[in-house]
Amino acid sequence: MTTNTPRVRFAPSPTGQLHLGGARTALFNWLFAKHHHGKFLLRIEDTDRQRSKQEHVDQICESMLWLGLTWDEGIVYQSKRLDIYQKAIQSLLKTDNAYRCFCSKDDLSRQREEAQKRGDGYQYNQACRNISEDVIEQKLSSSTPFTLRLRVPEKVITFKDRIYGEINVNTSELDDFIIARTDGHPTYNLVVVVDDDDMGITHVIRGEDHISNTPKQILIYDALVLPTPEFAHLPMILGPDKRRLSKRHGATGVQEYRDMGYLSEALNNYLALLGWNPGTEEEIFSLPRLTDVFSVEQIQKKPAVYDEKKLQWVSGQHLFKLSGKELMTGVRSIFPDWQKNEEDTYIENVCELLKLRAKSLTELKNISTYFFKDPKSYEEKAVRKRWKNDSVNSLVKQLLDELTSLENWTESGAEISLRKVAEEEGVSAGKLIHPVRLALSGVSAGPSLFAMMKLLGKETCLRRIETALGKLPTL
RNA sequence: GGCCCGUUCGUCUAGUGGUUAGGACUCAGGGUUUUCAUCUCUGCAACAGGAGUUCGAUUCUCCUACGGGCUACCA
């Protein structure tokens, strides 16, 4: 009965896009499976016909693929397994673990409202728990709609959570909860149990919001005489206001992070750090490395607050590790037409030169514009500081002449020329470097000027310097 | 309201019955750099509160406070 290789699953309901919390749940499941050489399965919980949408299924799958969280077997759709749930339902009815409840929805919600008004906790009054066969026959023959409720026994349910430890719940806190609706469709707690058993799930790793569902599910496992899997509940991810992460905290969808230019590996890395730590001071992980060091024991109990600043830092760390070629490919994965007319080698060199200065692919793209187009304007503040008056023009003109005659256009060649002019004119190199940077890029910040010059090429540099001489210092 | 879970710098976290309570991000300042970024150094900053156990509690127990989750014919 005991299997050595764990089988875990991620079971989103397709009522929206994959968000950060879901992504982390998927990631932890995936890491657990891979770490133990087990299987990671995907199940779509689409029994809510109204809210489930195929586009969300597609979006979720796409997001998971982008994150690199691939699933090992075919996707299980609950909507296609209705007959299997029926069998479980019939069996529960036959064994008297479930009973028909003929109470109307309206009556029940009225009772609930009244209980709430009194400030009491509502529980189903078990009106139908022990009605006689005769009454049942009568209701059935008159086609009175009914739901099926689990006959919850009186006991204390104990289970061991891999993260929270032992949890005890007295069933007196539980309803005879509904396991099948009036239309015969099963409800969540029932399908989860049937599916998890059917899929051979050994470890249920899910959000902490399911912790209170667990005793209910254990009751169903027992009623169905099925072995219970192990449980591990993950703490929630909170927004900066300490409330559950949601739209009002800005981006929450995985795809939005991709579109903002974050690398999937960086997002995985950051998500892993939210509620988990390796037990060492290592912080930057590739997915394989994460798989190696991951362990459920290091997962935190308390909810973690999402911090975009740290995500950005992690992202920058990952970005820096990529080659120019990988970065170019990355930017084009978001902006397919990015610099399509340029030489790949040139773009790669640009990326290589700028990667230390970008936290995301989008930022990388944004700060690279002047490598592809002459600056249209010049940063005003920088002009005031670096190109105060016409004396700068004569200085730059000197350099322009020197550069024009420079035959060997290299980084050091450019540097030697510039320093030579500066020395001849009796000024510090900075007096020349800053204005030239402005002329070439239009901005005051950027990589080494001489590396820039080398990359831009002689022709472009001369042209831009000439243009600037004509436009500055007048704005 | 009831039940379950939690509480170390602003945030992510390490940690122990006796520690100067450590690291990372952020922020501030210094150094390096032609600028920015990187890098580096320094600084700011935490054991929720109260009892109890103990020679000694951040660490163990209880209570309170606060936070989160659940309390559907949603999942």
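Note that the coordinates shown come from a computational prediction; the quantities given were computed from them, not determined experimentally. The chains referred to below are lettered A, B, ... by the order of the sequence lines, with proteins before strands, and numbering in each begins at 1.
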For [N], which nucleotide is its Watson-Crick or G-U wobble mate, given both distances must be under 3.5 Å?
N	answer
B:rU53	none
B:rC36	none
B:rA65	B:rU7
B:rU59	none
B:rC70	B:rG2
B:rG43	B:rC27

Legend entry - Closest to side chain of A:E173, choosing from B:rA14, B:rG2, B:rA24: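 Closest nucleotide to the A:E173 side chain: B:rG2.
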Legend entry - Nearest-nucleotide comparison on RNA chain B, the residue closer to the 5′ end among A:E45 and A:L311: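 Residue closer to the 5' terminus by nearest nucleotide: A:L311.
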Legend entry - Earlier contact from the 5' end, RNA chain B, for A:V169 and A:V305: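 Comparing both residues, the 5'-ward one is A:V169.
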Inset, instruction - To the nearest 0.5 angstrom, please state how far the CD1 atom of A:I347 sits from the OG atom of A:S368. - result: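 Going from the CD1 atom of A:I347 to the OG atom of A:S368 covers 9.0 Å.
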Separation of atom [atom1] in [X] from atom [atom2] in [N], rounded to whole Å:
X	N	atom1	atom2	result
A:F159	B:rC4	CZ	C1'	9 Å
A:Y306	B:rG67	OH	P	24 Å
A:H19	B:rA75	NE2	P	16 Å
A:N269	B:rC12	CG	C1'	12 Å
A:E283	B:rA14	CD	P	12 Å
A:F231	B:rG69	CZ	P	21 Å
A:K309	B:rC12	NZ	C1'	15 Å
A:D209	B:rC4	CG	C1'	13 Å

Legend entry - Parallel, tilted or perpendicular: rings of A:Y262 and A:Y257 (30°, 60°):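 Tilted, since the angle between the ring planes falls between 30° and 60°.
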Provide the distance between the two [atom1] atoms, one in [N] and one in [M], to the nearest whole Å.
N	M	atom1	result
B:rU61	B:rG2	P	24 Å
B:rU42	B:rA57	C1'	32 Å
B:rU7	B:rC62	P	14 Å
B:rG23	B:rC44	P	12 Å
B:rU8	B:rC66	C1'	16 Å
B:rG1	B:rU19	P	41 Å
B:rG15	B:rG50	P	26 Å
B:rG52	B:rA45	C1'	31 Å

Do we see a donor-acceptor contact under 3.5 Å between the side chains of [X] and [Y]?
X	Y	answer
A:T144	A:R100	no
A:Q111	A:D107	no
A:S104	A:D106	no
A:N213	A:Y188	no

Describe the nucleic acid contact of [X] in one word from base, sugar-phosphate, nothing, applying a heavy-atom distance below 4.0 Å.
X	value
A:R112	sugar-phosphate
A:H185	nothing
A:G207	nothing
A:N213	base

Inset, instruction - Could you run through nucleotides 5-10 of chain B and give me one letter per nucleotide, 5' to 3': B if any protein heavy atom sits under 4.0 Å from the base, S if only the sugar-phosphate is that close, - if neither? - result: SSSS--
Inset, instruction - Take nucleotides 34-46 of chain B nucleotide by nucleotide from the 5' end and write B, S or -, depending on whether a protein heavy atom sits under 4.0 Å from the base, only from the sugar-phosphate, or from neither. - result: BBBBSS-------
Inset, instruction - Please answer whether the main-chain N or O of A:E173 pairs with a side-chain N or O of A:Q123 as donor and acceptor at a distance below 3.5 Å. - result: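 Yes, A:Q123 side chain to A:E173 backbone: donor-acceptor pair under 3.5 Å.
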Inset, instruction - Return the minimal non-hydrogen interatomic distance between A:V305 and A:G239, and the atom names on each side. - result: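 Answer, listing the atom of A:V305 first, then A:G239: CG1-O, 3.5 Å.
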Has [X] got a side-chain N or O lying under 4.0 Å from the OP1 or OP2 atom of [N]?
X	N	result
A:R100	B:rC73	no
A:R243	B:rG68	yes
A:T47	B:rA75	yes

Inset, instruction - Only one of A:R9, A:H210, A:E230, A:R162 passes side-chain contact (heavy atoms from CB on, under 4.5 Å) with A:V204; say which it is. - result: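 So, applying the side-chain contact (heavy atoms from CB on, under 4.5 Å) to A:V204 and each of A:R9, A:H210, A:E230, A:R162, only A:R9 qualifies.
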Legend entry - Lys/Arg cation over aromatic A:Y77: A:R81, 6.0 Å, 45° cone: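 No, cation not above the ring by the 6.0 Å, 45° rule.
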Solution key, residues 263-279 of chain A side-chain donor-acceptor pairs under 3.5 Å, sequence neighbours excluded:
residue	atom	partner	partner atom	Å
A:S264	OG	A:W66	O	3.3
A:E265	OE2	A:L287	N	3.1
A:N268	ND2	A:L67	O	2.9
A:N268	ND2	A:S264	O	3.4
A:N269	OD1	A:F285	N	2.7
A:N269	OD1	A:H318	NE2	2.7
A:N269	ND2	A:E283	O	3.0
A:Y270	OH	A:D307	N	2.7
A:Y270	OH	A:D307	O	3.2
A:W276	NE1	A:S295	O	3.2
A:N277	OD1	A:G279	N	2.7

Legend entry - Audit row: A:F177, A:Y124, ring-ring contact (aromatic ring centres under 6.0 Å, His included) steps and yes/no: CA-CA 8 Å; A:F177 57 94; A:Y124 171 60; over 10 Å; no
